[in-house]
Amino acid sequence: MNLEQLKQQQLDYACRIITQDDFDFDFSEPRYIGGTDVGFENGGEITRAAIVVLSYPDLALVEYKIAKIKTAFPYIPGYLSFREYPALLQAWQQIDHKPDLLLVDGQGVAHPRGIGIASHLGLLLNMPTIGVAKKRLYGQHAELAGTPLAYEKLMDKSAEQQIGWVLRSKLRCNPLFISTGHRVSQQTALKWVINCLQGYRLPEPTRFADAVASNKPLFVRRLQR
DNA sequence: GCGACAG
DNA sequence: ATCTTGTCGC
C-alpha cells in the first residue's frame, strides 16, 4: 500500500462516518467512558497502546489494558491512524468493561479528509468516539478568549462548515481541539469533553490514558485509589 | 515553490 | 511521540 492508496481508503471510509444529530448517540446515562493514548519505546520501534475505562459520573478508573506491538508504519501527518490503530484494536479486545463512549487522543473529523484517528477507530469498532487533540491539524478559528471553558468553532478550509471546536479547558493552558469521531454530533462531543474535565487541561479519560501509556506506574497506582 | 504538519 | 535540566508562575 502506498500513500495514495491509503488516501483513497480514507476518502472511502470518510463517507461512512456518522456525525449527524439525527443519529446522535444517547448519552443520557453512560456507565463507562473510555480513553486512549499511544506511546513508543526504543525510539519508535515498539508501539504501546493504552485504553482506560472510567465509571461515570464519578470518573474513577475501573480498568486499563496495554497492548505492545512492533511499529509497522511511520508518523505522517494526516495518516496517524495507520500508525496507531493496530495496537489500539489489540488493547480494545482485552477490555472487559466495554465503555459507552471513547475519547481518542487525536483528531476526529477535523482532518484534511474528514477521518482522523478518532473517526477511523470509531468506524472500525462501530463505537461512538470523540477526538481530543492537543494541537491543531486542520481548520481555522477565531481568536479564543483566555477564560476557562471559552470555546470557538473550528471551521473547515472554506470557513463554511464546522468540523469541531477549540476549547480552553484550563486557564493559561493551550486549548484543546475537539471534534466528533463517529456516531456523535459536534454539540455532544463538546458537551462530554466538558463533562469529563476535573480541573486539569485534559479530560479525565485522556489524562488517565496518558498516565498509563507513558509508563507512570506511581501515578497509575494513585489513580486506582 | 513555500509553509503547515494530530502523535 | 521521545530525549532531557532547569526554570518560571500560581
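We name chains A, B, ... by the order of the sequence lines, and we start the count at 1 in each one. Hydrogens, waters and symmetry mates play no part in the numbers below; they use all other heavy atoms, side chains included.
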Side-chain heavy atoms nearer than 4.5 Å, only ILVMFWY residues, links allowed to pass through others: does that put [X] and [Y] together?
X	Y	result
Ile17(A)	Ile117(A)	yes
Ile115(A)	Tyr85(A)	yes
Leu123(A)	Val104(A)	yes
Met155(A)	Leu190(A)	no
Leu61(A)	Tyr200(A)	no

Value in whole Å for how far the P atom of dT2(C) lies from CD of Glu41(A):
9 Å

Can you give the dot-bracket line for DNA chain C, where a pair is Watson-Crick or G-U wobble with both atom distances under 3.5 Å, crossing pairs use [ ], and | marks a partner on another strand?
..........

For nucleotides 2-7 of chain B, read 5' to 3', which letter fits each nucleotide if B means a protein heavy atom sits under 4.0 Å from the base, S means only the sugar-phosphate is that close, and - means neither?
--SBBB

Sequence-aligned protein contact record of nucleotides 5-10 of chain C, with B where the base is within under 4.0 Å of a protein heavy atom and S where only the sugar-phosphate is:
-----S

Thr36(A) and Asp105(A): side chain donor to acceptor below 3.5 Å:
yes

Under a 3.5 Å threshold, yes or no: a donor from one side chain and an acceptor from the other, between Asn126(A) and Arg183(A)?
yes

Is a side-chain N or O of Asn2(A) found less than 3.5 angstrom from the main chain of Glu4(A), in a donor-acceptor match?
yes

Could Arg113(A) and Tyr79(A) be counted as a cation-pi pair, given that NZ or CZ must be under 6.0 Å from the ring centre and within 45° of the axis?
yes

For Glu41(A), which residues count as a side chain to side chain donor-acceptor pair (under 3.5 Å) partner, sequence neighbours excluded?
Arg48(A), Lys68(A)

Can you name the side chain to side chain donor-acceptor pair (under 3.5 Å) partners of Lys65(A), sequence neighbours left out?
Glu63(A)

Taking only Watson-Crick and G-U wobble pairs with both distances under 3.5 Å, what dot-bracket line describes DNA chain B, where [ ] shows pairs that cross earlier ones and | shows pairs with another strand?
.......

Should Thr180(A) and Ile163(A) count as side-chain neighbours, where that means a heavy-atom distance under 4.5 Å?
no

